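Submitted below is the structure of interest, expressed as structure tokens.
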Amino acid sequence: MKLDDLGNGGRITVEVLVIGAGPAGSVAAALLRQQRRQVLVLEREQFPRFSIGESLLPQSMEYLEQAGMLRAVQEGGFQLKNGAAFGRGEQYSEFDFSDKHSPGWSTTYQVQRARFDHLLALEAERQGAAVRYRHEVVAIDISGHRPCVTVKDSEGEIYLVEAGFILDASGFGRVLPRLLQLETPSNFPVRGALFTHIEDGITSLQFDRNKILITVHPAHDDVWYWLIPFADGRCSLGVVAETAFLARYHGSETERLRSLVQEDISLRRLLSNARWDTPARQIVGYSANVQSLCGSGYALLGNAGEFLDPIFSSGVTIAFKSASLAAAALARQFAGETVDWRAEFAAPLKRGVDTFRAFVESWYRGGFQRIIFFAKPPADVRRMISAILAGYAWDETNPYVRDTERRLAALEGLCYQR
Ligand SMILES: Cc1cc2nc3c(=O)[nH]c(=O)nc-3n(C[C@H](O)[C@H](O)[C@H](O)COP(=O)(O)OP(=O)(O)OC[C@H]3O[C@@H](n4cnc5c(N)ncnc54)[C@H](O)[C@@H]3O)c2cc1C
């Protein structure tokens, strides 16, 4: 029976329920449809809807390909991305992802997430997933044989969905972590971001629209800006800092962001012709963690599990990776095999997340910045770092994946001796 013939009333039963139609949810839904599973996706918002997280990593292309969504994304008219650039005062360092240790994709896109996420959700629907917008999961009961959620639809009507398995891809909504009290604090200090979209008016020929530009604040190493060019002459612009630092700036979000941009001379020059036509927004305290990424009848995908930090643009790649691992585990489970979700889903996911974590920690203690701005690492080491910046954080042939913390500490140590 087709899911949409089931109606909303009372209680419905599905093989797999996906909570949230962000990148993790849509890719998981498509991968499960490839296994011919019956998939219902419940999404709280009406799409297209704004989301932050616009610079993808090349590794993510592999999962779009797996999910049968690559062509739609390639034809979506998004800005090509081939690397990452870092600036601090007069210093500049860039990584071209074609020069990297790991095999695989070396380009990707910088995407307006409203359009990108909608496109992925439409692709999941095209592959047979039922996607219900403005249907919010408000409660869960895991005491029975199968988990059962309570849903509130756009009319305020309540119904129940009993599922063979639940994938929570609710992002910062963090539905199951909240409802099942799985949340644990992140080890990172509470940071926030101010951000907007601008018509950038950039004329500098040195500015490379194919790369994200990360600029370190001239006086505070732990404060940084992103500039993510889009294909239409616009950019996503944001600044990240501890919330106490952001609180020093007064006025509207736009005024605060403009004041911070004024403090960096290179950004100020680059954006001197920009038209600020969209009110800025603020997001705070986004880093989050959980006790466990899986439990009886459910698994947590993407941001619903853990979110580290935006510095290396790893969020969507981790979201896709989690969807891919969960779909593979579910294939075995539905085939009647016993799946150890911790060993087959949580542990392999954590491997790459921990690689990114070590890089994020190195960034904020200033070590990574010294490596890229002051040291001239040998070409092979640069290629290993480039691979991780391109998202290949699970490639065990890379010594900076196998032995991340020790390698990074050694490299940082060399810089401090100079
Ligand atoms: C400041 C900042 C900058 C970032 N920059 C980048 C970047 O450049 N590149 C990158 O890859 N990542 C970036 N990220 C991270 C990125 O935004 C996330 O990692 C990514 O969106 C996670 O995808 P997801 O599918 O897990 O969740 P989401 O994209 O958040 O999707 C979750 C969906 O679930 C829905 N939902 C929530 N609650 C419910 C409910 N109760 N019922 C039904 N549906 C629900 C939501 O409406 C949403 O559509 C950034 C994050 C921050 C904070």
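Numbering of ligands and ligand atoms starts at 1, following listing order. Every value quoted in this text rests on a predicted model; they were computed, and no experiment measured them. FYI, the numbering just counts along the sequence from 1.
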Inset, instruction - Could you tell me which atoms of ligand 1, counted from 1 in the order shown, lie closer than 4.0 angstrom to a heavy atom of Gly302? - result: 26 (O)
Legend entry - Residue, atom name and distance, where the atom is the protein heavy atom closest to atom 8 (O) of ligand 1: Ser55 N, 3.2 Å
Legend entry - Euclidean distance, Arg407 CZ relative to Asn398 CG, rounded to 0.5 Å: 8.5 Å
Inset, instruction - Could you tell me whether Ala319 and ligand 1 have an N or O pair separated by under 3.5 Å? - result: no
Legend entry - Backbone or side-chain N or O of Arg113 under 3.5 Å from ligand 1 N or O: yes
Legend entry - Part of Val175 with heavy atoms under 4.0 Å of ligand 1, whether side chain, backbone, both or neither: side chain
Legend entry - Sole candidate of Phe356, Tyr286, Phe188 that passes ring pair (Phe, Tyr, Trp, His ring centres under 6.0 Å) when paired with Phe307: Tyr286
Legend entry - For Phe373, ring pair (Phe, Tyr, Trp, His ring centres under 6.0 Å) partners two or more places apart: none
Legend entry - For Gly315, atoms of ligand 1 separated by under 4.0 Å from a heavy atom: 10 (C), 11 (O), 12 (N), 15 (C), 19 (O)
Inset, instruction - Could you tell me if the ring centre of His135 sits under 6.0 Å from that of Tyr159? - result: yes
Legend entry - Gln206 atom CD, neighbour heavy-atom count above 12 within 6.0 Å: no
Inset, instruction - Could you note down all residue pairs passing side chain to side chain donor-acceptor pair (under 3.5 Å) where residues 172-181 supplies at least one of them, sequence neighbours left out? - result: Arg174-Glu183
Legend entry - Distance filter under 4.0 Å to Trp226 heavy atoms, resulting ligand 1 atoms: 1 (C)
Legend entry - Candidate pair Thr215 and Trp224, rule side-chain hydrogen bond (donor to acceptor under 3.5 Å, both in side chains), full reasoning: CA-CA 6 Å; Thr215 304; Trp224 58 274; over 6 Å; no
Inset, instruction - Report yes if the distance between the aromatic ring centroids of His220 and Phe245 is under 6.0 Å, otherwise no. - result: yes
Legend entry - Protein heavy-atom partner closest to atom 42 (N) of ligand 1 - residue, atom, separation in Å: Val137 N, 3.0 Å
Legend entry - Arg402 atom CZ, neighbour heavy-atom count above 12 within 6.0 Å: yes
Legend entry - Interfacing atoms of ligand 1 (cut-off 4.0 Å, heavy-atom, His135): 43 (C)
Inset, instruction - Step by step, work out the salt bridge (Lys or Arg N to Asp or Glu O under 4.0 Å) result for Arg113 and Glu54. - result: CA-CA 6 Å; Arg113 284 286 300 276; Glu54 297 141 324; over 6 Å; no
Inset, instruction - Name the option, out of Gly391, Pro310, Ser313, that contains the heavy atom nearest to atom 2 (C) of ligand 1. - result: Pro310
Legend entry - Protein contact to atom 17 (O) of ligand 1 [nearest heavy atom, distance to 0.1 Å]: Ile52 O, 2.8 Å
Inset, instruction - Quick one: look up the protein heavy atom nearest atom 25 (O) of ligand 1 and list residue, atom name and how far away it is. - result: Ala24 N, 2.9 Å
Legend entry - Proximal ligand 1 atoms for Ala193, defined as those under 4.0 Å from one of its heavy atoms: 1 (C)
Inset, instruction - Just let me know how Ser60 lines up against ligand 1, side chain, backbone, both or neither, with a heavy-atom cut-off below 4.0 Å. - result: neither
Legend entry - Taking atom 31 (O) of ligand 1 as the reference point, the nearest protein heavy atom with its distance: Gly22 CA, 3.5 Å
Inset, instruction - Say whether Ser51, considering both its backbone and side-chain N or O atoms, lies within less than 3.5 Å of an N or O atom on ligand 1. - result: no
Inset, instruction - Examine Gly25 against ligand 1 and note whether any of their N/O atoms are separated by less than 3.5 Å. - result: no
Legend entry - Close N or O approach (Arg178, ligand 1; < 3.5 Å): no
Legend entry - Any N or O of Pro23 closer than 3.5 Å to N or O of ligand 1: yes
Legend entry - Test of proximity, Ala304 against ligand 1: N or O pairs below 3.5 Å: no
Legend entry - Value rounded to 0.5 Å, distance of OG in Ser26 from CD in Glu43: 8.5 Å
Legend entry - Spacing of CG belonging to Leu271 relative to CG belonging to Leu227, to within rounding of 0.5 Å: 5.5 Å
Legend entry - Interatomic distance, Trp394 atom CH2 to Ile318 atom CD1 [nearest 0.5 angstrom]: 5.0 Å
Inset, instruction - Could you tell me whether Phe165 and Trp341 have their ring centroids closer than 6.0 angstrom? - result: yes
Inset, instruction - Check if Ala169 has a non-hydrogen atom at a distance under 4.0 Å from any atom of ligand 1. - result: yes
Inset, instruction - Please confirm whether Tyr286 comes within less than 3.5 Å of ligand 1 when only nitrogen or oxygen atoms on both sides are compared. - result: no
Legend entry - Atom CZ of Arg248: over 12 foreign heavy atoms under 6.0 Å: yes
Inset, instruction - Among all protein heavy atoms, pick out the one at the shortest distance from atom 44 (N) of ligand 1; state its residue, atom name and that distance to 0.1 Å. - result: Arg44 N, 3.0 Å
Legend entry - Option set Ser170, Ser26, Gly173, Gly53, criterion heavy-atom distance to atom 36 (N) of ligand 1, minimum: Ser170
Legend entry - Region of Arg49 engaging ligand 1 - heavy atom pairs below 4.0 Å: side chain
Inset, instruction - Assess the pair Phe86 and Tyr92: is the distance between their ring centroids shorter than 6.0 Å? - result: no
Inset, instruction - Considering only non-hydrogen protein atoms, determine which one is nearest to atom 28 (P) of ligand 1 and report residue, atom name and distance to 0.1 Å. - result: Gly171 CA, 4.0 Å
Inset, instruction - Provide, to 0.1 Å, the distance between atom 51 (C) of ligand 1 and the closest protein heavy atom, together with that atom's residue and name. - result: Phe307 CZ, 3.4 Å
Inset, instruction - Determine whether any heavy atom of Leu42 lies closer than 4.0 Å to an atom of ligand 1. - result: yes
Inset, instruction - Answer with yes or no whether Phe195 contacts ligand 1, where contact means a heavy atom under 4.0 Å from a ligand atom. - result: no
Inset, instruction - With rounding to the nearest 0.5 Å, note down the distance linking CG in Leu293 to CD in Glu306. - result: 7.5 Å
Inset, instruction - May I ask you to check if ligand 1 and Glu43 share an N or O to N or O distance below 3.5 Å? - result: yes
Legend entry - Ligand-side contact atoms (ligand 1) for residue partner Glu45, heavy atom cut-off under 4.0 Å: 47 (O)
